[in-house]
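Note that the coordinates shown come from a computational prediction; the quantities given were computed from them, not determined experimentally. Residue numbers count from 1 along this sequence.
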Amino acid sequence: MIRGRAGPGRPRDPAKDDAILSAARESFLEKGFHASTIEDIAARAGVSKVTLYNRFGDKEALFEEVVRVEMGRMNALFEPSLDGPMPLADRLTAIGTALLDMLFEPDHVRFDRLISGEIAQSPKLARRFFEVAPGKCRSALAAIIDEAAAEGIVAVDDAELAAEDLTALWKGFCDFQLKLGLIERPPHAAIVARAARGTAVFLRAYAPGNSKEG
């Protein structure tokens, strides 16, 4: 949620928002959250500090918006297809592929290394990050699983836990290996195959009639 507002009678310039967000992302990746300053971000974006504060409020809100923009490409995948219903396996595989594509990007891996430890020192910021990124993804995935359960396609006792199971099947240990520099980013075909395999295992495990203990 972008904060602040344009002055009376002056329409907001989206290009300035884009420049600020791009500068903030660049600074966070280069320096980390704590070492990044509003002054530096404003200078990179070619705007004044006042403009930045008016539009985004503070550095935490700016960080939150950067994360929200990064997640934006995922949001459309959680919406029903305009071309009609998609088979659950295909829809989940598409979501898993997009999620892994994002998580395995070199910039995201670098972001993970630089930022995760820093935001853990601030419970408020960590909570905001979780709600806008992993938490939102889990909730959206759980809603799709709940919908499939209502149609009798899967049988789940807790949709959020099932979403966590599915995400773990997609990722495996690949994100840890990437973060540690043990492997290179997998090619896209391997990412699609990983997402499809995880989805297939998930659907077998949660097929109606299978008994699961909580």
**Prompt:** Is there side-chain contact between Phe104 and Val109, with heavy atoms separated by less than 4.5 Å?
**Reply:** no
**Message:** Could you check whether any side-chain heavy atom of Arg25 comes within less than 4.5 Å of a side-chain heavy atom of Phe63, counting everything from C-beta outward?
**Reply:** no
**Prompt:** How far apart are the closest heavy atoms of Ser36 and Ser27, and which atoms are they?
**Reply:** OG-OG, 2.8 Å
**Asked** CG of Asp146 to OG of Ser139: how many Å apart, nearest 0.5 Å?
**Response** 10.5 Å
**Prompt:** Do you know which two heavy atoms are closest between Gly96 and Ala195, and how far apart they sit?
**Reply:** C-CB, 3.7 Å
**Message:** What's the separation between atom OG1 in Thr93 and atom CZ in Arg197, rounded to the nearest 0.5 Å?
**Reply:** 12.5 Å
**Fill in**
Smallest heavy-atom separation, Met102 atom then His108 atom, equals O-CB, 3.2 Å
**Asked** Near Arg138 CZ, under 6.0 Å, is it more than 12 heavy atoms from other residues, nucleotides or ligands?
**Response** yes
**Message:** If you apply the rule side chain to side chain contact (heavy atoms under 4.5 Å, CB included), what do you find for Tyr206 with Ile145, and how did you get there?
**Reply:** CA-CA 10 Å; Tyr206 280 94; Ile145 293 170; over 6 Å; no
**Item:** Taking every non-hydrogen atom, the tightest pair across Leu203 and Ala89
**Value:** CD1-CB, 3.7 Å
**Prompt:** In the single-linkage hydrophobic clustering (I, L, V, M, F, W, Y; side-chain heavy atoms under 4.5 Å), do Leu166 and Val192 co-cluster?
**Reply:** no
**Item:** Contact check, side chains of Arg194 and Pro186, non-hydrogen atoms, under 4.5 Å
**Value:** no
**Asked** Any side-chain heavy atom of Arg44 within less than 4.5 Å of one from Glu30?
**Response** yes
**Complete:** Here the gap from Glu164 atom CD to Leu169 atom CG, rounded to the nearest 0.5 Å, amounts to 12.0 Å
**Prompt:** Would His188 and Thr97 satisfy side chain to side chain contact (heavy atoms under 4.5 Å, CB included), going step by step from the backbone distance to the final call?
**Reply:** CA-CA 9 Å; His188 182 71; Thr97 299; 3.7 Å; yes
**Message:** Checking Leu100 against Lys171 for the side chain to side chain contact (heavy atoms under 4.5 Å, CB included) test, could you report, in this order, the C-alpha distance in whole Å, the side-chain angles of both residues, the deciding distance, and whether it holds?
**Reply:** CA-CA 7 Å; Leu100 296 183; Lys171 293 195 305 178; 3.8 Å; yes
**Message:** Could you walk me through whether His34 and Phe28 satisfy the side chain to side chain contact (heavy atoms under 4.5 Å, CB included) test, starting with their C-alpha distance in whole Å, then the side-chain angles of each, then the deciding distance to 0.1 Å, before giving a yes or no?
**Reply:** CA-CA 8 Å; His34 293 301; Phe28 292 146; over 6 Å; no
**Request:** Please indicate whether Glu184 has more than 12 foreign heavy atoms, meaning atoms of other residues, nucleotides or ligands, lying under 6.0 Å from its CD.
**Result:** no
**Asked** Are Phe173 and Phe202 linked, directly or through other ILVMFWY residues, by side chains that come within less than 4.5 angstrom of each other?
**Response** no
**Salt-bridge present (Glu131, Arg128; N to O < 4.0 Å)** = no
**Asked** Shortest non-hydrogen contact from Ile38 to Asp58?
**Response** CD1-C, 4.5 Å
**Prompt:** Lys136 versus Phe130: any side-chain heavy-atom pair under 4.5 Å?
**Reply:** no
**Fill in**
When rounded to the nearest 0.5 Å, the distance separating CD of Glu60 from CG of Leu62 is 11.0 Å
**Item:** Note, Leu103 side chain near Leu178 side chain (heavy atom, < 4.5 Å)
**Value:** no
**Fill in**
Value for CG (Asp40) from CD (Glu26), rounded to nearest 0.5 Å, stands at 8.5 Å
**Item:** Backbone N/O of Ala163 and side chain of Thr167: donor-acceptor pair under 3.5 Å
**Value:** yes
**Asked** Considering only heavy atoms from C-beta outward, does the side chain of Ile191 approach that of Arg185 to under 4.5 Å?
**Response** yes
**Item:** Value rounded to 0.5 Å, distance of CD1 in Ile20 from CZ in Phe56
**Value:** 5.0 Å
**Prompt:** So, for Val156 and Ala162, which heavy atoms are closest and what is the spacing to 0.1 Å?
**Reply:** CG1-CB, 4.0 Å
**Prompt:** Leu161, Val154: one ILVMFWY side-chain cluster at the under-4.5 Å cut-off?
**Reply:** no
**Request:** Could you give me the CA-CA distance, side-chain angles and deciding distance for Trp170 and Thr199, then say whether side-chain hydrogen bond (donor to acceptor under 3.5 Å, both in side chains) is met?
**Result:** CA-CA 7 Å; Trp170 284 334; Thr199 296; 3.1 Å; yes
**Request:** With the side chain counted from C-beta on, respond yes when Phe129 and Glu64 share a heavy-atom pair under 4.5 Å apart, and no when they do not.
**Result:** no
